[in-house]
Protein chains: 2
Amino acid sequence: MATIQDVAKAAGVSAMTVSNVLNDRPHVRPATRARVLEAMARLDYRVNVAARNLRKGRTGTIGLAVPEVNRPYYGRLAAAVITAAGRHSLRVSIEQTGARREDELAALTLSRNRLYDGLILSTVGMGQADVEALEVDHPVVILGERIFGGPVDHVAMPNVAASAAATRHLVERGCRRVAVICGELRDEVDVSSLRHSGYRQALAGAGLAADPGLVQSLPALTMDAAARRARAMMAEGLDFDGVFCVTDTVAMGVLRGLADAGVRVPEQVRVIGFDNVDESAFLVPSLSTVDPDHDLMAERAVTLLVARMGREGPPAAQEEFVGPFSLVVRESTGG
Amino acid sequence: MATIQDVAKAAGVSAMTVSNVLNDRPHVRPATRARVLEAMARLDYRVNVAARNLRKGRTGTIGLAVPEVNRPYYGRLAAAVITAAGRHSLRVSIEQTGARREDELAALTLSRNRLYDGLILSTVGMGQADVEALEVDHPVVILGERIFGGPVDHVAMPNVAASAAATRHLVERGCRRVAVICGELRDEVDVSSLRHSGYRQALAGAGLAADPGLVQSLPALTMDAAARRARAMMAEGLDFDGVFCVTDTVAMGVLRGLADAGVRVPEQVRVIGFDNVDESAFLVPSLSTVDPDHDLMAERAVTLLVARMGREGPPAAQEEFVGPFSLVVRESTGG
DNA sequence: TTGTATGCGTTATCAT
DNA sequence: ATGATAACGCATACAA
């Protein structure tokens with residue numbers, strides 16, 4: 001495989017000149033440039049990215065650590081991050097952490113190894129107790145929940161406000177016994193807790209009692225667990241007329257479970273989700289949900305990371321960005 | 001940031017010894033090893049992957065070029081590829097090609113630049129005419145359709161056989177006017193053409209006429225286009241009692257469109273898809289479909305690539321792997 | 001405008 | 001069991 005030296009020799013110039021041509025630098029005579037380009041083509045020259053990386057101290061690649069790209073929300077996010085990174089000429093290498101704390105910490109290590117110029121980390125397994133693991137000297141942006149006030153930039157969803165709005169929407173449509181289907185409420189800062197908190201606020205604001213029996217915690221935020229739970233709720237004779245699901249995935253399971261139990265949506269029970277995944281508009285009934293503007297969040301995360309990557313000297317203060325949201329009203333709430 | 005030299009100095013050994021410790025090589029005295037490890041910990045040493053890559057001539061990263069990770073099938077595939085690559089200690093960098101031919105060719109170039117040790121390429125925009133672009137001297141595996149008999153390994157779905165099986169299933173359930181909803185039939189080797197071909201075979205095998213009016217080509221394989229088309233088919237009074245959708249995404253759109261038109265599935269029309277995406281089991285009605293074993297295909301693609309990466313000397317003959325499939329019968333075909 | 005010399009951090013080879 | 005040396009391919013100061 002031809003190197004820059006080989007090209008230089010073939011073109012009768014120095015390696016420096018080839019490098020200049022390669023990087024589109026000025027001060028290269030057209031004739032020289034032409035000779036170099038010709039030699040490069042003839043030898044089928046390809047830059048060696050590893051060598052360039054070593055020399056420049058940067059790799060042109062950022063890492064994105066998410067639980068799994070195949071989950072609707074994270075897939076959406078990954079696509080948006082890759083697109084946003086592309087606008088900065090950065091490639092994206094994806095680590096799947098399986099939502100495991102250890103794997104999230106491992107992603108931090110890889111980044112620290114200068115494998116990546118920076119890391120966007122979706123913390124799901126890590127918690128507030130792991131804040132000190134983020135005390136690193138290279139760019140990291142947290143995208144998601146569970147770690148607040150840490151030493152790095154943070155892009156978060158408007159979890160509480162959007163959940164309150166979703167719940168309020170159900171109340172406005174006449175629901176008086178609104179259930180919430182979430183994951184385990186581990187601590188104060190995980191997705192389920194934050195969204196559950198918004199749900200509570202909305203109920204309180206509407207003067208409705210908070211019945212603990214209406215809070216349904218799933219072992220995992222999967223369609224399967226959600227469908228089972230919905231069927232169980234009906235089998236147990238639980239009295240409810242509205243359901244706020246903390247993700248669209250959960251909502252899809254709930255819709256299926258209610259259908260199994262012969263419950264009509266929205267006539268008997270109204271359902272709303274969170275995420276506005278592509279499928280939600282095409283379900284039968286179509287799913288009302290919260291749209292958190294994933295593209296904007298990905299864009300902000302990449303922009304913050306790029307800013308850190310370019311910065312020399314003393315670090316700037318951490319930034320916290322909370323995205324906007326909008327309510328998408330569809331058939332499942334009688335819209 | 002500490003280098004291997006710094007550690008060597010701190011531990012009172014040579015850089016080579018540090019390298020030996022780092023790579024778990026034998027012939028290092030326990031006491032020496034301990035001193036080195038202590039120094040590494042004290043200086044918070046991290047290997048510089050770029051330097052290692054340059055020296056070794058490999059990057060430990062493979063590229064995966066797909067249209068978009070957010071599409072159900074490709075997301076599933078990406079997740080499986082990342083997992084399979086992880087078993088070989090390889091990272092995966094994802095290129096989104098948007099199904100554009102130029103971007104698929106660009107991914108080949110990046111790989112050629114030794115940015116990746118190898119590339120798994122989902123060809124969607126490229127076609128048989130681009131075969132010569134694959135005449136490269138580094139490992140490439142094609143995962144998908146559109147290029148057959150090329151100069152590289154190829155992992156493909158059992159498109160024709162599985163589509164025939166799906167169509168046959170509809171016929172066995174009593175359908176006599178079976179429609180197919182596909183994309184544009186561009187040439188003989190794209191997904192739609194292959195699956196349409198299986199559909200034709202099954203009809204012929206069942207002694208049913210092939211009515212051109214039952215072949216519905218969409219401008220894009222999206223839920224939206226599929227839903228519109230389903231509504232249009234009903235509005236036009238098209239006579240059909242079964243639909244084979246070339247992807248589950250299309251099927252989801254069709255289910256929605258039929259619901260809009262007040263058509264009951266499976267009572268009036270039976271529907272079957274292709275891919276067995278996670279959502280298909282939870283739709284109302286749940287979707288019958290073809291399961292192509294994505295994990296196995298990803299596994300094979302990675303294995304073939306790794307084999308090429310490790311090989312020296314004359315290249316082995318190209319391998320073609322066609323995966324297995326199974327039919328998943330659910331409510332949408334009355335299962 | 002072009003060339004020379006040097007170093008980025010690591011590891012393979014060979015020597016001790 | 002450990003060390004000295006060189007080289008991977010490129011880009012940057014600096015010189016010409």
Side-chain angles (χ1 to χ4, degrees), chain A residues 1-40 43-61 89 110-117 137-138 312, chain B residues 1-40 43-61 110-117 138 312:
Chain A
M1 181 70 83
T3 74
I4 220 173
Q5 306 286 350
D6 300 331
V7 175
K9 204 166 297 172
V13 300
S14 78
M16 184 66 233
T17 301
V18 178
S19 177
N20 283 335
V21 171
L22 215 50
N23 295 286
D24 269 325
R25 307 183 85 93
H27 309 311
V28 178
R29 232 181 1 203
T32 312
R33 167 183 304 272
R35 279 219 313 292
V36 171
L37 289 174
E38 185 276 331
M40 295 200 316
L43 300 180
D44 191 31
Y45 169 77
R46 308 285 157 186
V47 292
N48 183 321
V49 181
R52 176 178 283 176
N53 288 346
L54 173 59
R55 180 61 234 235
K56 297 188 124 167
R58 306 190 315 102
T59 66
T61 298
S89 301
L110 284 177
S111 181
R112 206 183 288 125
N113 287 356
R114 302 203 214 53
L115 183 57
Y116 306 135
D117 292 341
D137 56 359
H138 62 111
E312 299 292 333
Chain B
M1 179 71 83
T3 73
I4 220 173
Q5 305 287 351
D6 301 330
V7 175
K9 203 166 297 172
V13 299
S14 76
M16 199 55 236
T17 301
V18 177
S19 177
N20 285 336
V21 170
L22 213 53
N23 295 285
D24 269 326
R25 309 181 87 93
H27 307 311
V28 178
R29 230 180 5 199
T32 312
R33 168 184 303 273
R35 278 219 313 290
V36 170
L37 288 174
E38 185 275 331
M40 294 201 315
L43 300 180
D44 192 31
Y45 169 77
R46 307 285 157 187
V47 292
N48 183 320
V49 180
R52 175 178 286 176
N53 288 345
L54 173 59
R55 182 61 236 231
K56 294 195 146 176
R58 306 187 312 102
T59 66
T61 298
L110 284 177
S111 180
R112 206 183 287 125
N113 287 355
R114 302 205 215 52
L115 183 57
Y116 307 136
D117 293 341
H138 62 112
E312 300 292 333

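- Across all non-hydrogen atoms, the minimal contact from A:Y45 to A:I4 is CE1-N, 3.5 Å.
- Atom-to-atom distance recorded for A:L115:CG and A:T61:OG1 is 7.5 Å, nearest 0.5 angstrom.
- What separates CE of B:M1 from P of C:dC8 is a distance of 15 Å, to the nearest Å.
- The number of heavy-atom neighbours closer than 6.0 Å to CZ of A:R46, taken from other residues, nucleotides and ligands shown, is above 12.
- The structure places CE of B:M1 at 11.0 Å from OG1 of B:T3, a figure rounded to the nearest 0.5 Å.
- Within the helix from C:dT1-D:dA16 to C:dT16-D:dA1, the inter-axis angle between the opening and closing five-pair segments is 30°, rounded to 10°.
- For A:R25 and C:dG3, the CZ to C1' distance is 15 Å, given to the nearest whole Å.
- For the pair B:T59 and B:R114, the tightest heavy-atom approach, listed with the atom from each and the gap, is CG2-O, 3.3 Å.
- No side-chain heavy atom of A:N20 sits under 4.5 Å from any side-chain heavy atom of A:H27.
- Checked against side chain to side chain donor-acceptor pair (under 3.5 Å), B:E38 has the following partners two or more places apart in sequence or in another chain: B:R42.
- The stretch residues 43-54 of chain B touches DNA chain D through B:L54, each having a heavy atom under 4.0 angstrom from the strand.
- With a cutoff of under 4.0 Å to any heavy atom of chain B, the contacted region of DNA chain D is bounded 5' to 3' by D:dA1 to D:dG9.
- A 6.0 Å sphere centred on CZ of B:R35 holds more than 12 heavy atoms belonging to other residues, nucleotides or ligands.
- Counting to the nearest Å, the C1' atom of C:dT1 and the CZ atom of A:R29 are 7 Å from each other.
- To the nearest angstrom, P of C:dT10 lies 17 Å from CZ of B:R58.
- Here CE of B:M40 is found 13.0 Å from CG of B:D6. Values are rounded to the nearest 0.5 Å.
- At whole-Å resolution of the value, CD in B:Q5 and P in C:dT11 are 11 Å apart.
- Rounded to the nearest 0.5 Å, atoms CZ (B:R25) and CZ (B:R33) are 11.5 Å apart.
- Rounding to the nearest 0.5 angstrom, the gap separating the CG atom in B:N53 from the CZ atom in B:R55 is 12.5 Å.
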Please table the atom pairs, donor to acceptor, closer than 3.5 Å between any side-chain atom in residues 8-19 of chain B and protein atoms at least two apart or in another chain.
residue	atom	partner	partner atom	Å
B:S14	OG	B:M16	N	3.3
B:S14	OG	B:T17	N	3.3
B:S14	OG	B:T17	OG1	3.4
B:S19	OG	B:N23	ND2	3.4

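- A salt bridge does not link B:D117 to B:K56: none of the charged side-chain nitrogens sits closer than 4.0 Å to a carboxylate oxygen.
- DNA chain C is contacted by B:M16, B:S19 of residues 15-22 of chain B, taking any non-hydrogen atom closer than 4.0 Å.
- Along DNA chain D, the nucleotide closest to B:R55 and the one closest to B:G12 are compared, and the more 5′ of them pairs with B:G12.
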